[in-house]
Amino acid sequence: MSIYDTLNEQQKKGVFTTKGPVLILAGAGSGKTRVLTHRIAYLIDELGVNGWNIMAITFTNKAAGEMKERVEQLVGMGSESIWVTTFHSTCVRILRRYADRLGYDNNFTIYDTDDQKSVMKEICKKLLIDTKMLKERSILAAISSAKDELITPQEYALNAMGDFRKQKIAQAYQEYQAVLKKNNAVDFDDLIMQTVELFKTDAEVLGNYQRRFKYIMVDEYQDTNTAQFELIRLLADGSRNLCVVGDDDQSIYKFRGANIRNILDFEKVYPEAQVIRLEQNYRSTQNVLDAANAVIRNNKGRKSKTLWTDQGKGNQIHFRQFDNAYEEAEFIADDVKRKKREGTIDYGGCAVLYRTNAQARLLEERFVVEGIPYDVVGGINFYARREIKDLLAYLKTIDNGRDDLAVKRIINIPKRGIGAATIAKVQDYADMREISFYDALRQADEIISLGKSASAKLKPFVTLIQSFRSKLEFYGLEDLIKDIIETTGYVAELEASNEEDAENRIENIDELISKIVAFEEIHDQPTLGEFLEEVALVADIDRVENDSSRVLLMTLHSAKGLEFSHVYLAGMEDGIFPSYMTIVSDDPDEIEEERRLAYVGITRAKEDLTLCYAKMRMVRGETQLNAVSRFIKEIPDELLDNHLPAPKMNPQDIPSSKFNPVESQVYRYKPVAALKPKQTAAENKPFIAGGGLGALSAAGISKGASAVVGGKPDYDIGDRVKHVKYGEGTVLDLEPGTRDYKVTVDFDDAGQKIMYAAFAKLVKI
DNA sequence: TAGTTGGGTTTTTTT
DNA sequence: AACCCAACTA
């Protein structure tokens, strides 16, 4: 009995075909990670390949970590030396060694999106770019796309001939690269592009790595961009033992430069490639797969395949419709709670997936009210939060004064009376002498333009940093961070402030300290530089542990590669998912990418899938009325437990019937001031209008706003009330919340509940 | 220089 | 709704 016996025929083929280029088309849940890990085990245990010669590349640290763990379980010895990492960390490792050959210092820093934006702001000022016409974001997006395609500033400029906008971007790109180099910094895209550049210009370095990596495997191959493909192609040119695993149906990162042609044209680049298809799914029920297949079938330009399972039909797919997003959130929370109560699942078996991060908020509020433990993945990256970035800027400054951005970030945090004018003068001086901002600070006395009082304010800052540096000789990173917090009074200031989320920020700082402690425990000789590097490449999803006690809330993008027994897809509305942008786009590829995202979402479910639709939803401050997502309509009726058209709506108002397909529409309207409910006690209550679409799309809006959520409810504490679902009860508490009155009711049968007055629809009895 | 306020803006997804 | 920024005031 060997470890390979449990694999199916196709999987075995993937494991045993180790020579030459191999393309494994692996449908969702078809066991691709098993194939990759067993393949590595086979190379080491059966073919006697040294782990040193194997490289496996994934996209997230989480995926890399899991793969590494599973390989370790399969092979006894020799798994430590395998490179199982992400594209970005692979490149950092290479560049840390050879960046000097590209004119950078080997201790370069890595800029995140925030840093990029600060740099670009200064550049726009300097180049007199009107940011009303051409936004920093757009320029950075253009630069990022260029780097994904390995286009240099020079090439970009050549391409920009005759196009004013592109010429401006070209200028900015050129300047941006110059600033980064001056600051000894690279951005995320540089990590890949500069490594490719290194390989192309330095035969010795490339040769080293080609000789080392005799077997290369790439996971999630459909998400590679041109630069990443080139990196892999160069590395694999030595041995040509390149195995890529992917699923063109799960390509969802076009906006990040992913080039779907990499997988569709693999056989053209490598004509001798062997193609292996994994179509048997081990994850989901047949109903889930049928739904996924039915949706993805509507895409053109894919490598056709059909997932199947021998697990049986399973539950029907649940389809639930709601009047608004609050009710959707309420249902999901209630349903999760019910399942937990009935013992069907642990909280950790549930995930709620949505298209946009903003949708998390309502769900979160509801989960808090119901007391369900949850984690939100994504949104703002932990290390991008203000308080964390501030403290990291201290660490960066202490580690390497060349990072001007970090120095400027903290020079006046806490307030030291150093303002924009002083900073500008110091910068001028630094530019003139061609020294770093920090070095200019050290020579504050020499800066003539600075007054006595200004330069006197700079000195204590320099002394502070110097003292941290010298103390670092004697104490560890944990002591350092605590010292910084103490000396600067950062946390104390937060505690004293009446900022609303001060408590939360302090918690984050505590978490940062724990991370530093953990880092020091794991590493034998922990250095500040290494810590900062590790932190720079952490994605939010990496922090998620396989915890059975918390429901996960995340975007569909973040969910790729994960699985849950019970999955809720929230916000299944045309205009939300697929997003409004892709609906109005004239590029049909965009809607296909959204459909792939739907396919990813559906196939995350192992046993149970619930699709939720909310008729009304607040988006960016305006209430939208949306039709049921076209992706739901693509699922055969018999797979759903609840059918279109929606029972709660007037059929002629909602273009949702399959038999009467109507072009997707997004209805928008702005609340008219006169229609707003009189806001007496509490401000900021949501404006939610009832009524049919007909009334809203027509000129006579007034009729549409009859069922409005108003001020204080007509019942009070102590009153007896009746709820549609929970029956009768007594009002225990009634308080104005941020959105609406929160009412606590002790129901005779259902127990105590906290709910929003507007949606509880309690009737006084 | 620091703090406040009002106006304008917002691709949706992220290593 | 939430965020960012410029302009204004103390």
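Each chain gets a letter, A, B and so on, in the order its sequence line appears, and its residues count up from 1. Note that these values count all heavy atoms, side chains included, but never hydrogens, waters or copies made by symmetry.
For A/F59 and A/H88, the ring centers sit 6.0 Å or farther from each other. In summary, the aromatic rings of A/F255 and A/H557 are positioned with their centroids under 6.0 Å apart. Taking the six-membered ring where the residue is Trp, the centroids of A/F631 and A/F577 are separated by under 6.0 Å.
Distance, A/L362 CG to C/dA1 P: 12 Å, rounded to whole Å. In this structure, A/L458 atom CG and B/dT1 atom C1' are separated by 14 Å, rounded to whole Å. Nucleotide C/dC3 holds its P atom 18 Å from the CD atom of A/E136, rounded to whole Å. Between A/D114 atom CG and C/dC3 atom P the separation is 13 Å, expressed in whole Å. The nearest whole Å value for the distance from the CG atom in A/N412 to the P atom in B/dG3 is 9 Å. Here the P atom of nucleotide B/dA2 and the CD1 atom of A/I418 are 9 Å apart, to the nearest Å. One interatomic measurement links the two molecules: CD1 of A/I413 to P of B/dA2, which rounds to 11 Å at whole-angstrom precision. Atom NZ in A/K135 sits roughly 13 Å away from atom P in B/dG8 (whole-Å rounding).
With respect to the salt-bridge test (charged N to carboxylate O, under 4.0 angstrom), the residues A/D247 and A/K32 do not qualify. A salt bridge links A/R595 and A/E634; the closest N-O separation between the charged side-chain nitrogens and carboxylate oxygens is under 4.0 Å. Taking a cutoff of 4.0 Å between a charged side-chain nitrogen and a carboxylate oxygen, A/R233 and A/E230 qualify as a salt bridge. A salt bridge links A/R596 with A/E593: at least one charged nitrogen is closer than 4.0 Å to a carboxylate oxygen.
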Check against side chain to side chain contact (heavy atoms under 4.5 Å, CB included), A/L234 and A/V196:
CA-CA 8 Å; A/L234 285 164; A/V196 170; 4.1 Å; yes
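Residues from residues 121-134 of chain A lying near DNA chain B, meaning a heavy-atom separation below 4.0 Å, are absent.
Looking at heavy-atom distances under 4.0 Å, A/K415 makes contact with sugar-phosphate atoms alone, never a base. No contact: A/K560 has no heavy atom under 4.0 Å from any strand.
Within 6.0 Å of CZ on A/R96 lie more than 12 heavy atoms contributed by other residues, nucleotides or ligands. Within 6.0 Å of CG on A/L127 lie more than 12 heavy atoms contributed by other residues, nucleotides or ligands.
When the C1' atom is used for both B/dT11 and C/dA6, the distance is 25 Å, rounded to whole Å. Comparing the C1' positions of C/dC5 and B/dT12 gives an interatomic distance of 24 Å, to the nearest angstrom.
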Filtered N/O pairs between nucleotides 13-15 of chain B and protein, under 3.5 Å:
from	atom 1	to	atom 2	distance (Å)
B/dT13	OP1	A/N357	N	3.1
B/dT13	OP1	A/N357	ND2	2.9
B/dT13	O4'	A/R355	NH1	3.2
B/dT13	O2	A/R355	NH2	3.2
B/dT13	O2	A/H557	NE2	3.3
B/dT14	OP1	A/T555	OG1	3.1
B/dT14	OP1	A/S558	OG	3.3
B/dT14	OP2	A/N357	ND2	3.3
B/dT15	O4'	A/R256	NH1	3.3
B/dT15	O3'	A/F59	O	2.7
B/dT15	O3'	A/H88	ND1	3.4
B/dT15	O2	A/H88	NE2	3.2

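Contact between the side-chain N/O atoms of A/R137 and the OP1/OP2 oxygens of B/dT9 is not found at any separation under 4.0 Å. An OP1 or OP2 oxygen of B/dT12 is reached within less than 4.0 angstrom by a side-chain nitrogen or oxygen of A/R620.
Positionally, the nearest nucleotide of DNA chain B for A/T422 lies more toward the 5' end than for the other of A/T582 and A/T422.
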